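What follows is one structure encoded as structure tokens, with my remarks underneath.
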Amino acid sequence: MQGDGLGIVEDGAVAARAGRIAWVGPRADLAGPAAETTDCAGAWILPGLIDCHTHLVFGGDRAEEFERRLAGEDYAAILKAGGGILSTMRATRAADEDALLAAALPRTRALLAEGVTTLEVKSGYGLALDAELRQLRAARRLGAELPLSVVTTLLAAHAVPPEFAGRRADYARHVAEIILPAAAAAGLVDAVDVFHDPLAFDDADTALVLDAAARLGLPAKLHGDQHGDAGSAALGARHRVLSVDHLERASPPGLRAMADAGTVAVLLPGCTYFLRETSRPDIAAMRAAGLRMAVATDFNPGSSPALSLLLMLNMACTLFRLTVAEALRGVTVQAAAALGLADRGRIAPGLRCDLALFRIARPAELCYWLGHNPCTGRVVEGR
């Protein structure tokens, strides 16, 4: 049953040793005794799910702003009144590390319950050295306190804070020369992200931060081409970033450049839904270019308060018209590639034994059901 793109093995078994997959195949072919055997009782065994784009650690929420928008107030007015990302910045700066962790733990547990075993967490709501480091330390503690892998991403170049109002380039330089080196020296950052967009940072600002990341040996990602075709896809390809995320308005030439560079497209249907966005990523152009497509929640307080990766599978299929195989690969092998993790995302010998068990009749159910969680268990590094 290889034609579906999922490599399904009927009545299969997985053997693990020292946290790695030692063997996988039909159960009838499994030879030799095992120190411990688990009967999954007919559950489907998938690679552990990977949410490769989240903003899980922040203070406060934006429910009141959501209500104001429903009443007809536009975002520009809310932002002018101190709302939007600056509201989250103030709440994040006011929260200590323990408070940030306490708020993030139940959010993370909701994702774990659906089979997530690897999670990316971005900073980007502190927008100042101490607050950004607090976010990253809280994210590291999530991985220490819960059974999952956490990848931390510095997104200090998310927006311009009030201290640098009217001085966007100066803030980008501050990120590149002060915040990023400090986070790297503290061992708190696995990757670097920049919001490259007409509403955020331009080519020169973005290159400044990406070049600083390269000097420190850190991989990079971009938020890009969300509110307009800013050329983010092509820029990301030139800098060989791991992924460009959003891409609602990316051009076909930019998408082809990403494919040629090996950069992954990360699709964020929760944001499209929540903002009632009419533009969609050009999936046909991505397919034509052979571009790898990952799917993630983009969980954040302003544009995608979505704590269900399974719901994102449905939205990726219904809003973006991905196939079931594309969507499932998008939260496993392609999501792993978007984080630069070659040791997971597939069930193959030598890889980490990260698995998710689902009580379903066929894989399409994971993309079909709304509000139903059929996950019956997880295996993280063989445990």
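Given the structure is predicted, the values throughout are model-derived calculations rather than measurements.
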Roughly how far, to the nearest 0.5 Å, is the [atom2] atom of [Y] from the [atom1] atom of [X]?
X      : Y      : atom1 : atom2 : value
Leu100 : Leu142 : CG    : CG    : 10.0 Å
Thr376 : Leu357 : OG1   : CG    : 4.5 Å
Glu365 : Trp44  : CD    : CH2   : 9.5 Å
Thr318 : Leu313 : OG1   : CG    : 10.5 Å
Thr108 : Leu56  : OG1   : CG    : 4.5 Å
His174 : Leu180 : NE2   : CG    : 11.5 Å

Taking atom [atom1] of [X] as the centre, report whether more than 12 heavy atoms of other residues, nucleotides or ligands fall under 6.0 Å from it.
X      : atom1 : result
Arg287 : CZ    : yes
Tyr273 : OH    : no
Arg346 : CZ    : no
Phe274 : CZ    : yes

Quick one: does [X]'s side chain get under 4.5 Å of [Y]'s, heavy atoms only?
X      : Y      : answer
Ile8   : Pro363 : yes
Val24  : Pro349 : yes
Cys271 : Gln226 : yes
Leu105 : Leu101 : yes
Pro301 : Tyr125 : yes
Ser232 : Asp197 : no
Trp23  : Asp29  : yes
Met89  : Pro162 : yes

Donor-acceptor check, side chain of [X] to backbone of [Y], threshold 3.5 angstrom: yes or no?
X      : Y      : result
Asp343 : Leu351 : no
Glu114 : Asn373 : no
Arg378 : Leu148 : no
Thr263 : Val241 : yes
Arg134 : Asp96  : no
Thr152 : Leu188 : yes
Arg280 : Thr272 : no

In terms of side-chain heavy atoms, does [X] have a donor or acceptor partner in [Y] at a distance below 3.5 Å?
X      : Y      : answer
Ser243 : Lys221 : yes
Glu248 : Ser279 : no
His223 : Asp245 : no
Arg62  : Thr88  : yes
Asp225 : His246 : no

Next item on the list: Before giving the answer on side chain to side chain contact (heavy atoms under 4.5 Å, CB included), spell out for Gln334 and Met293 the whole-Å C-alpha distance, their side-chain angles and the decisive distance to 0.1 Å.
Entry: CA-CA 6 Å; Gln334 310 297 24; Met293 297 179 287; 5.8 Å; no
Cluster question for you: counting only ILVMFWY and a side-chain heavy-atom cut-off of under 4.5 Å, with indirect links fine, are [X] and [Y] together?
X      : Y      : value
Trp369 : Phe320 : no
Val266 : Phe299 : no
Leu242 : Leu222 : no
Val379 : Val9   : no
Leu328 : Ile360 : yes

So, applying side chain to side chain donor-acceptor pair (under 3.5 Å) with [X], which one of [options] is it?
X      : options                : result
Ser123 : Arg137, Glu132, Gln135 : Glu132
Asp193 : His53, His158, Lys122  : Lys122
His55  : Asn300, Asp298, Thr297 : Asp298

Notebook entry, point to check: Under the side chain to side chain contact (heavy atoms under 4.5 Å, CB included) criterion, do Leu216 and Val192 qualify, and how do the steps go?
Noted result: CA-CA 10 Å; Leu216 291 167; Val192 177; over 6 Å; no
State, to 0.1 Å, how close [X] and [Y] come at their nearest heavy-atom pair, and which atoms those are.
X      : Y      : value
Gly345 : Thr332 : O-CB, 3.4 Å
Gly124 : Ile85  : O-CD1, 4.4 Å
Gly330 : Ala335 : O-CB, 3.4 Å
Arg359 : Cys40  : NH2-O, 3.7 Å
Phe58  : Ala103 : O-CB, 4.3 Å
Asp229 : Ala250 : OD1-CA, 4.4 Å

Check: Do Leu127 and Phe164 pass the side chain to side chain contact (heavy atoms under 4.5 Å, CB included) test, and can you show the C-alpha distance, the side-chain angles, and the key distance before you say yes or no?
Finding: CA-CA 10 Å; Leu127 305 180; Phe164 286 85; over 6 Å; no
Margin query: Who clusters with Leu339? Use side-chain heavy atoms, under 4.5 angstrom, across I, L, V, M, F, W and Y, and order the result by chain and number.
Written below: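 Its cluster mates, by chain and number, are Ile50, Val151, Leu341.
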Next item on the list: Let me see the working for Leu119 and Leu112 under side chain to side chain contact (heavy atoms under 4.5 Å, CB included), right down to the final yes or no.
Entry: CA-CA 9 Å; Leu119 186 67; Leu112 297 190; 6.0 Å; no
Item checked: Derivation of the salt bridge (Lys or Arg N to Asp or Glu O under 4.0 Å) call for Arg249 and Glu277 -> CA-CA 11 Å; Arg249 291 172 170 82; Glu277 177 61 70; 2.8 Å; yes
Next item on the list: Sequence neighbours left out, what pairs pass salt bridge (charged side-chain N to carboxylate O under 4.0 Å, His left out) with at least one residue falling in residues 163-174?
Entry: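 Of all non-adjacent pairs touching residues 163-174, those that pass salt bridge (charged side-chain N to carboxylate O under 4.0 Å, His left out) are Arg93-Glu163, Arg167-Asp170, Arg168-Asp202, Arg168-Asp205, Asp170-Arg173.
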Check: Between Arg141 and Asp98, is there a salt bridge with N-O shorter than 4.0 Å?
Finding: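 Counted as a salt bridge, because a side-chain N and a carboxylate O are separated by less than 4.0 Å.
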Check: Ion pair present between Arg352 and Glu381, side-chain N to carboxylate O less than 4.0 angstrom?
Finding: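 Looking at Arg352 and Glu381, the cut-off is met.
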Note to self: Among Val189, Asp190, Val209, which residue satisfies the side chain to side chain contact (heavy atoms under 4.5 Å, CB included) criterion with Leu154?
What the structure shows: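 Looking at Val189, Asp190, Val209, the match for Leu154 under the side chain to side chain contact (heavy atoms under 4.5 Å, CB included) is Val189.
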